[in-house]
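Below is one structure, written out as structure tokens; the observations come after it.
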Amino acid sequence: MDLIRHLRFFGAVADARHFGNAARDLGMTQPPLSQGIRRLEQHLGVRLFDRDARGVRITAAGRHLLPAARELLQGADDLVARARDLAVPEQPRVGVAADLDGLVPALFRAPAARGLPVVPTVAGSVELVDLLRDGLIDVAVVRHPGVVDGLTAGPVVVVPMRLERPDGAGAATQGGDLARTNLPVAVPPRHHQPPAHDQLVDALRRAGHSGDVVEARDVGGRQALVAAGAAVGLVPAGPDDEPTPGSPPLRLRVVQPHPSHRRPEIDHDAVAEALGAALAAAAPLAETLGTSQSQTPPAAASPPTVGPPGPRPAT
Amino acid sequence: MRGLTAATDPATRAVVGRLRDTARDAGVTAWVHATRLDGPPGAVGLADDAPVAVASLYKLPLAVAWADLVERGELDPGARVTLPARGRTPGPTGVAMLLDEVDLSGRDAVRLMLAVSDNACGDAVLALVGLDRAHRLLRELGLPGTLVRQGSAAETAAVVRDTAAATPAEALRLLADPDRVVETTQYDPAYASAATAAQLGVVLRVLWSRGGAAHEVVRDAMAHQAWRHRVGSGFPHDDVTLHGKTGTLGRLRHEAAVVRFPHEHPVAVVVLTRAARAERHLPRVDAAIGELARLAVGPLRMPAAGAGVGLLPR
């Protein structure tokens, strides 16, 4: 017998305490459900329900077995869900750091507009880097600085930010605003990218702000803090915005696996390029300074003087 | 090294997990090795068999080579060394930051090289020992010559060249730019002086096993190291002795040290880090090096039987 299917019957009847209602919940008719329960009872060798004129009551044995049955059903659901996660889609799987706020939709829209539909993931940068290393996503936009050992990272894109105040007077900010702000700054959770977070706090203090921050899990949480007057926000300056002088920028990098670890069916570079172009378009004030493609050092003018070159840095 | 380091007991395995978490929280890649120098063997390691560019840590095996040569009678520790104002390697500390000619003994050059990581003295000691002799001695110890691939002048010249800077100061400024990723061959173990964390542990074990007066000069200089913000920050105890040598270049921050709690076996601990952040002042990373050292040394602490007043602390 199909045990999982019959345990689903068991759970449904236990929930509904009524064969007709349980059958409706399961999207079937009552006779096969009743037969199914009887088959399960025979299979298990115990009676699960008492039926009488007043309805259906679960037996002591049934109550005893119910938790184990639910655990099996949950396990089966988890297995199916995990398999679905592991099934590799043919589209590029793109990760975007959750800390990018309003830039997130634009970044996903750009590859699609170029005929490169992608499977999106939004998460903290550290998590995205782990997913890249595990081969579970193909390209990601992460906050810089962060540890990107074993991956190929593009140049740093520097996105100017503007201060967002409770009264919405973000655009018309003036110099020294950060220093005069007594409110904490609403920021993403530190664990999303600890070194970038620490760098931001240092920069706030450098600008004369207290460096006090409130960590909020997502954009909505940060907007709520700002709206409630509990914090100020720091958001990427849009095309019509004046960046707040002295405010620390958002630094980003497009990161991918080393060429030898990429899925051959995906054009990683095209996706990375689309993401870079999207960043430039969404944050027109963004700057890219200098270029360094990977952890590979520049060619040395003189060869090493001792022994053969050792292995590459641990990655 | 692998066999010695392979964590077999669950406590040690748990420590490795905590080392990883600490490194992640500080935003660094970390290579860690700790080993008991006396008593029953014991070690803790995180990626301690991977070669890493060691920056000024080359001065540590160089000092051991110098002391070995002195004890063999090949070098005179009192021989005078003249460091003219022009031509000596510049640097932020010691003779390297002075203005006028300095005349000192070879062993004092060793002490300044270790206590304040003096670059001028480092290159002077390298000249006394010679690269060939240093490599021969390292080979005799089963260590790779790459540990002392070059001196401070060559390292500085390479960084200036890689960054296309006009001066060493400008090169360091470029390496510290938060808005771009600037690489140098001196981050790469294939080009820089390089060692694994475990190999630096062997260097400390050799140094602590030697009985010569010159080796005592070296150990004593390490006890006078000017900085306690890295490994030392993990052991803020006045009765715990610390012998250390740091190495720093751009995103690299290292220290190799011997930690000794009273009446316990000394433990060598090597923490090598490469920070994600480029800035020159990262107190959080220095403190993380102390935390990594404390975590690695913890499971190796062991009372030394009979280690009372009779045993001289080294």
Side-chain angles (χ1 to χ4, degrees), chain A residues 125-127 129-130 142-150 153-159 190-191 193-203 206 248-249 251-253 286-315, chain B residues 23-31 47-53 131 134-135 138-139 144-150 154 157-158 161-164 174 177-197 251 272 274-279 281-285:
Chain A
S125 298
V126 166
E127 198 183 327
V129 165
D130 281 347
V142 302
R143 269 177 89 183
H144 170 83
V147 175
V148 290
D149 296 345
V156 180
V157 179
V158 182
V159 181
R190 179 174 180 272
H191 68 81
Q193 188 67 305
H197 176 99
D198 296 345
Q199 187 175 62
L200 175 83
V201 172
D202 287 347
R206 173 70 182 78
R251 299 180 174 93
L252 305 169
R253 289 179 98 179
E287 270 187 285
T288 306
L289 303 163
T291 51
S292 179
Q293 273 305 310
S294 69
Q295 299 280 326
T296 318
S302 60
T305 51
V306 180
R312 286 284 164 209
T315 51
Chain B
R24 170 169 277 204
D25 185 73
V28 300
T29 308
W31 301 264
D48 61 358
D49 56 353
V52 181
L131 261 183
H135 293 165
L138 286 169
R139 263 201 309 279
T146 51
L147 251 170
V148 185
R149 184 171 258 142
Q150 62 190 14
R161 187 186 63 225
D162 296 340
T163 55
L174 288 167
D177 188 344
D179 286 339
R180 69 186 93 199
V181 177
V182 179
E183 295 289 349
T184 163
T185 51
Q186 298 309 295
Y187 288 161
D188 188 334
Y191 296 95
S193 291
T196 70
R251 292 156 58 208
L272 312 176
R274 183 177 61 219
R277 290 178 68 178
E279 292 98 318
H281 300 291
L282 295 177
R284 205 185 261 271
V285 171

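Letters A, B, ... are given to chains in the order of the sequence lines, protein chains preceding strands, and every chain is numbered from 1. Note that the structure is a prediction, hence the values are computed from the model and not measured.
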Inset, instruction - Kindly give the heavy-atom pair with the smallest separation between B/Gly27 and A/Pro195, and that separation in Å. - result: CA-CG, 3.6 Å
Legend entry - Minimum heavy-atom distance between A/Gln199 and B/Pro178, given as atom pair plus value: NE2-CB, 3.6 Å
Inset, instruction - Go through the atoms of B/Gln186 and report whether side chain, backbone, both or neither lie under 4.5 Å from a heavy atom of chain A. - result: neither
Inset, instruction - Side chain from CB out, backbone as N, CA, C, O: work out which of these in B/Val285 comes under 4.5 Å of a heavy atom of chain A, or both, or neither. - result: neither
Legend entry - B/Arg277 bridged to A/Asp202 by N-O distance under 4.0 Å: yes
Inset, instruction - Taking the side chain as every heavy atom from C-beta outward, state whether B/Arg180 and A/Val158 have any atom pair closer than 4.5 Å. - result: no
Inset, instruction - Carefully, step by step, assess A/Arg190 and B/Asp25 under the rule side-chain contact (heavy atoms from CB on, under 4.5 Å). - result: CA-CA 9 Å; A/Arg190 179 174 180 272; B/Asp25 185 73; 2.5 Å; yes
Legend entry - Interatomic distance, A/Gln193 atom CD to B/Arg24 atom CZ [nearest 0.5 angstrom]: 9.5 Å
Legend entry - CG on B/Asp179 to NE2 on A/His144, rounded to 0.5 Å: 8.0 Å
Inset, instruction - With side-chain contact (heavy atoms from CB on, under 4.5 Å) as the test, would you mind laying out the steps for B/Arg274 and A/Val147 before giving the verdict? - result: CA-CA 9 Å; B/Arg274 183 177 61 219; A/Val147 175; over 6 Å; no
